[in-house]
J.: 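There's a structure below that I have some questions on.
Computed from a predicted structure; not experimentally measured.
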Amino acid sequence: MLDIQKIRENADAVRQGIQNKNVSIDFDVILAVDQERRNVIAEVEVLKHERNVVSKEVATRKRNNEDIGDLIEKTREIGQRIKVLDEQQRNAESKLNDLLLQIPNTPHASTPVGEDASENPVVKEWGKRFAPGYTLKTHLELGEALTLFDFPRATKIAGPGFPLYTGSGARLERALINFMLDFHIDKHGYTEVLPSVLANTKAMTTTGQLPKFEDDMYKLPQDDLYLIPTAEVPVTNIHQGEIIPEQDLPIRYCAYSSCFRREAGSYGKDTRGFLRLHQFNKVELVKFTQPDSSYTELEKLRRDAEEILEALGLEYRVIELVTGDLSFASSKCYDLELWAPGEARWLEVSSCSNFEDFQARRGGIRFKPQGGGKVQFLHTLNGSGVATPRLLVALLETYQQEDGSVLLPEILTPYMGSAGLHLK
RNA sequence: GGAGACGUGGCCGAGUGGCUUAAGGCGGCGGCUUGCUAAGCCGUUGUACGUUUUGGCGUACCGUAGGUUCGAAUCCUACCGUCUCCGCCA
């Protein structure tokens, strides 16, 4: 959520930012509602002051057994007027709030201006192209032959787009999750949390999924709960409504969770195998930072995710999203993409974003400056560290042998145990 | 799922319609004092919104939202949460 005061005082800059995101917002309506709200407040507060003064007078006279009839008459009218105005104020405030919740975050000055994904610049490339002499198989061909997963049977359980890992495939999935968690905990100093995969309306609103993207999520109407599309939702909401001492920042959490996405509107796109799923596993990194350091922390966060890919020896590149491709809540975002040799294409496995105070304002997450001073909204950031399905695709396709077996990188040895690294 | 108790500031806790501007304590912060240990004394203390001549002024906030009243932390209604007991259960 944007600060209404900022919209009021820097209207042009905010309009430009939103326009660069290719979003159309009627700021005149918003400013008009804000003006109405302030007019009502100005009027009602004068009346309330008057009421307070008279009420005090009533109390004094009563103690002295004096007559109070005239005062009662007078304030009864004031009270009625206050009632009407209170109602108007509530209406204006809820209207303004509804409007503000629909406005996306503004891009950071360093985010390149651009129309859409086709303009996203590549800012980094790492690793060597896997190109042996033999013909490369896709992860589907490899996985079916090695019985690592079973999509036809998975369909019987929940429909297409849901995974069923089997045998070494299930173990490998679990290995990757544990490897990534351990890596971030031990090497990068994150604190592990294991949240619920259901979240309520308030939590979903904090992170920006609601009210605009309700159709993207699975909903449980009976209990007014949603299945989380990412652990970002529960983890960011851990500190919802809190004021955190500045010396406790930055707070860094990592969390594994299953993620659920309806992917409405993306049918027919990337439907094969693991490229796009309704349910998948992800290790997520979430940071709560002091505003001045959030962009430094974003670079570190991105680096933390990159190191996972490097440890697994996978070729990747980093792209920076242009304003037109930036998500609703973010000010700046990097995507990490893995090269999948069998598919012969880049696959997005991580998104690292700075939301600045956008989510913090929606969720009331603030910090108290160390030397005293005004309580402020902190900055929230998150990044995948990373999502498993496409990681698995790149891993299988990069480490495939000529005979169709897969020899996994040694760093996974402790996690694969007796199953061994050689899947054949 | 059933029954009951409860919800007050960073924390504990008093407060059943108006001398509450929420007592008192703890903690925090600032200062003073002292050569008696883990001391004493004094002062101070939250958030948001509106307005502003940037000194302030005003309004609201006692779980949340409404209501009653001239006036609500206090009375009424609904909801949310916590705890205890019963039931069910991995």
Side-chain angles (χ1 to χ4, degrees), chain A residues 1-9 30-101 194-206 210 220-226 234 237-249 251 258 288 357-358 360-378:
Chain A
M1 186 153 65
L2 299 183
D3 183 3
I4 182 61
Q5 216 167 320
K6 186 178 163 193
I7 295 175
R8 215 187 290 147
E9 287 161 14
I30 290 162
L31 291 170
V33 173
D34 178 48
Q35 187 59 56
E36 183 198 335
R37 166 184 148 268
R38 287 187 294 153
N39 290 345
V40 173
I41 288 173
E43 187 181 349
V44 78
E45 285 191 351
V46 170
L47 292 176
K48 283 182 177 173
H49 177 58
E50 197 175 332
R51 181 179 69 183
N52 287 343
V53 170
V54 176
S55 287
K56 222 162 251 180
E57 176 68 14
V58 170
T60 309
R61 285 206 205 170
K62 267 203 152 176
R63 270 196 301 280
N64 300 333
N65 288 318
E66 294 173 45
D67 181 55
I68 52 171
D70 57 322
L71 293 180
I72 304 276
E73 272 304 301
K74 192 174 160 197
T75 33
R76 184 171 288 143
E77 279 168 38
I78 295 175
Q80 246 130 58
R81 178 72 185 144
I82 286 174
K83 209 169 181 180
V84 172
L85 290 170
D86 272 346
E87 171 89 27
Q88 281 179 27
Q89 185 184 343
R90 274 199 297 276
N91 288 342
E93 276 172 356
S94 101
K95 201 163 150 193
L96 179 62
N97 194 51
D98 289 349
L99 289 167
L100 290 175
L101 287 174
L194 184 55
S196 68
V197 294
L198 293 178
N200 59 27
T201 300
K202 171 65 189 165
M204 288 292 182
T205 304
T206 296
L210 291 179
L220 287 76
Q222 199 174 2
D223 298 292
D224 191 30
L225 291 167
Y226 298 83
N237 277 283
I238 288 174
H239 296 295
Q240 182 203 108
E242 294 184 10
I243 298 172
I244 298 166
E246 185 178 8
Q247 52 270 33
D248 291 354
L249 301 178
I251 294 171
S258 286
F288 300 80
D357 65 3
F358 187 80
R361 179 170 277 109
R362 292 163 86 100
I365 312 172
R366 295 172 292 175
F367 76 96
K368 191 167 190 63
Q370 200 157 7
K374 215 172 137 50
V375 172
Q376 302 170 48
F377 291 107
L378 49 70

J.: Under 3.5 Å, which N/O atoms of the protein pair with N/O atoms of nucleotides 47-49 of chain B?
T.:
unit_1, atom_1, unit_2, atom_2, d
B:U47, O3', A:R366, NH1, 2.9
B:A48, OP1, A:R366, NH1, 3.3
B:C49, O3', A:R37, NH2, 2.8

J.: Does B:G55 count as syn, meaning its glycosidic angle lies within 90° of 0, or as anti?
T.: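 Syn, since the glycosidic angle lies within 90° of 0.
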J.: Within the side chain of A:R362, is there an N or O that forms a donor-acceptor pair under 3.5 Å with the backbone of A:T205?
T.: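 Yes: the side chain of A:R362 pairs with the backbone of A:T205.
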J.: For A:R38 and A:Q35, does a side-chain donor sit closer than 3.5 Å to a side-chain acceptor?
T.: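 Yes, A:Q35 and A:R38 have a side-chain donor paired with an acceptor closer than 3.5 Å.
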J.: Between B:G46 and B:U8, how far is it from one C1' atom to the other, in whole Å?
T.: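 After rounding to an integer number of Å, I get 13 Å for this pair.
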J.: For B:A48 and B:G31, measure between their C1' atoms and round to the nearest Å.
T.: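 B:A48 and B:G31 have their C1' atoms separated by 31 Å.
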J.: Can you measure A:R51 atom CZ to B:A60 atom C1' for me and round it to whole angstrom units?
T.: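 It is 11 Å, rounded to the nearest whole Å.
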J.: Would you tell me if any nitrogen or oxygen in the side chain of A:N52 comes within less than 4.0 Å of OP1 or OP2 on B:A60?
T.: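 A:N52 to B:A60 OP1/OP2: side-chain N or O found under 4.0 Å.
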J.: Using both distances under 3.5 Å as the test, list the Watson-Crick or G-U wobble partner of B:G24, or none.
T.: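 Partner of B:G24: B:C12.
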J.: Which part of the nucleic acid, if any, lies within reach of A:K48 when heavy atoms closer than 4.0 Å are counted: base, sugar-phosphate only, or nothing?
T.: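 Sugar-phosphate, no base atom in range.
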J.: Do NZ/NE/NH1/NH2 and the carboxylate oxygens of A:R37 and A:D34 come within less than 4.0 Å?
T.: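 So A:R37 pairs with A:D34 through a salt bridge.
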J.: To the nearest angstrom, how far is A:I82 atom CD1 from B:G58 atom P?
T.: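 From A:I82 CD1 to B:G58 P: 16 Å.
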J.: Whole-Å distance between B:G81 P and A:K202 NZ?
T.: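 Between P of B:G81 and NZ of A:K202: 16 Å.
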J.: To the nearest 0.5 Å, tell me how far A:I244 CD1 sits from A:I251 CD1.
T.: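 If I round to the nearest 0.5 Å, the distance is 4.0 Å.
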J.: Taking B:C75 as the reference, what is the distance to B:G7 when you measure between their P atoms (whole Å, please)?
T.: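 Here B:G7 and B:C75 have their P atoms 11 Å from each other.
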J.: Quantified in whole Å, what is the P atom distance between nucleotide B:G71 and nucleotide B:C86?
T.: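 About 47 Å, rounded to a whole number of Å.
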J.: In the structure shown, which nucleotide is the Watson-Crick or G-U wobble counterpart of B:U59, with both distances under 3.5 Å?
T.: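 Looking at the geometry, B:U59 pairs with B:A48.
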J.: Should A:R61 be listed as having a side-chain N or O under 4.0 Å from OP1 or OP2 of B:C70?
T.: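 Checking B:C70 against A:R61, no side-chain N or O comes under 4.0 Å of OP1 or OP2.
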J.: Is the shortest side-chain heavy-atom distance between A:R8 and A:L31 below 4.5 Å?
T.: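 SC-SC contact between A:R8 and A:L31 confirmed.
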J.: Rounding to the closest angstrom, what is the interatomic distance between B:C80 and B:U21 at atom P?
T.: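 Nearest-Å result for B:C80 against B:U21 at atom P: 34 Å.
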J.: Determine whether A:I78 and A:R81 make a side-chain contact, defined as any pair of heavy atoms from C-beta on separated by less than 4.5 Å.
T.: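 A side-chain contact is absent here, since even the closest heavy-atom pair is not under 4.5 Å.
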J.: Sticking with atom C1', work out how far B:A23 lies from B:G15, rounded to a whole angstrom.
T.: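 My reading of the C1' atoms in B:A23 and B:G15 gives 8 Å.
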J.: Starting at the 5' end of RNA chain B, which residue's closest nucleotide do you reach first, A:V44 or A:G79?
T.: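 Checking each residue's closest nucleotide, the 5'-ward one belongs to A:V44.
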J.: Using the P atom as the reference point in each nucleotide, state the distance between B:G10 and B:U45 in Å, no decimals.
T.: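 One P to the other, the span is 14 Å.
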J.: Starting at atom CD of A:Q247, determine the distance to atom P of B:G10, rounded to an integer number of angstrom.
T.: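 To the nearest whole Å, that distance equals 16 Å.
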J.: Is there a side-chain contact between A:K83 and the phosphate of B:U68, meaning an N or O under 4.0 Å from OP1 or OP2?
T.: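 True: A:K83 side-chain N/O within range (under 4.0 Å) of B:U68 OP1/OP2.
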J.: If we call it a pair only when both distances are under 3.5 Å in a Watson-Crick or G-U wobble match, what pairs with B:A65?
T.: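 Checking every strand shown, B:A65 finds its partner in B:U77, with both distances under 3.5 Å.
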J.: Tell me the closest heavy-atom pair linking A:Q376 and A:P369, and the distance in Å.
T.: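 So the two residues come closest at NE2-CG, 4.0 Å.
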J.: Considering only the P atoms, how many Å lie between B:C76 and B:G18, rounded to the nearest integer?
T.: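 So the two P atoms sit 15 Å from each other.
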J.: With a 4.5 Å limit on heavy-atom distance, are the side chains of A:E93 and A:I41 in contact?
T.: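 Counting from C-beta outward, A:E93 and A:I41 do come under 4.5 Å.
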J.: To the nearest Å, how far apart are A:Q88 CD and B:A60 C1'?
T.: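 From A:Q88 CD to B:A60 C1': 18 Å.
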J.: What heavy-atom pair brings A:M1 and A:L101 nearest, and what distance separates the two atoms?
T.: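 Minimum heavy-atom separation between A:M1 and A:L101: SD-CD2, 4.0 Å.
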J.: Separation of A:F367 atom CZ from B:G10 atom C1', in whole Å?
T.: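 Rounding to the nearest Å, CZ of A:F367 and C1' of B:G10 are 18 Å apart.
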J.: With a 3.5 Å limit on both atom pairs, tell me what B:G40 is paired to, counting Watson-Crick and G-U wobble, or say none.
T.: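 Partner of B:G40: B:C32.
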J.: Heavy atoms only, 4.0 Å cut-off, all strands: where does A:V58 land among base, sugar-phosphate and nothing?
T.: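 Base, at least one base heavy atom under 4.0 Å.
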J.: Taking any heavy-atom pair under 4.0 Å as a contact, classify A:S55: base, sugar-phosphate, or nothing.
T.: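 Base contact.
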J.: Keeping A:D357 on the side-chain end and A:F377 on the backbone end, is there a donor-acceptor pair under 3.5 Å?
T.: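 Flag not set: sc A:D357 to bb A:F377 has no pair under 3.5 Å.
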J.: Considering every strand shown, what is the Watson-Crick or G-U wobble mate of B:A5 when both distances are under 3.5 Å?
T.: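 B:U82 is the nucleotide pairing with B:A5.
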J.: Under a 3.5 Å cut-off for both distances, is B:C88 Watson-Crick or wobble paired, and to whom?
T.: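 Across all strands, not a single nucleotide pairs with B:C88.
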J.: Tell me the interatomic distance from A:E242, atom CD, to B:G10, atom P, rounded to whole angstroms.
T.: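 Rounding to the nearest Å, CD of A:E242 and P of B:G10 are 12 Å apart.
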J.: Once you round it to whole Å, what is the distance between C1' of B:U64 and CZ of A:R90?
T.: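 From A:R90 CZ to B:U64 C1': 13 Å.
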J.: Taking OP1 and OP2 of B:G58, is either one under 4.0 Å from a side-chain nitrogen or oxygen of A:H49?
T.: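 No, because none of the side-chain N or O atoms of A:H49 sits under 4.0 Å from OP1 or OP2 of B:G58.
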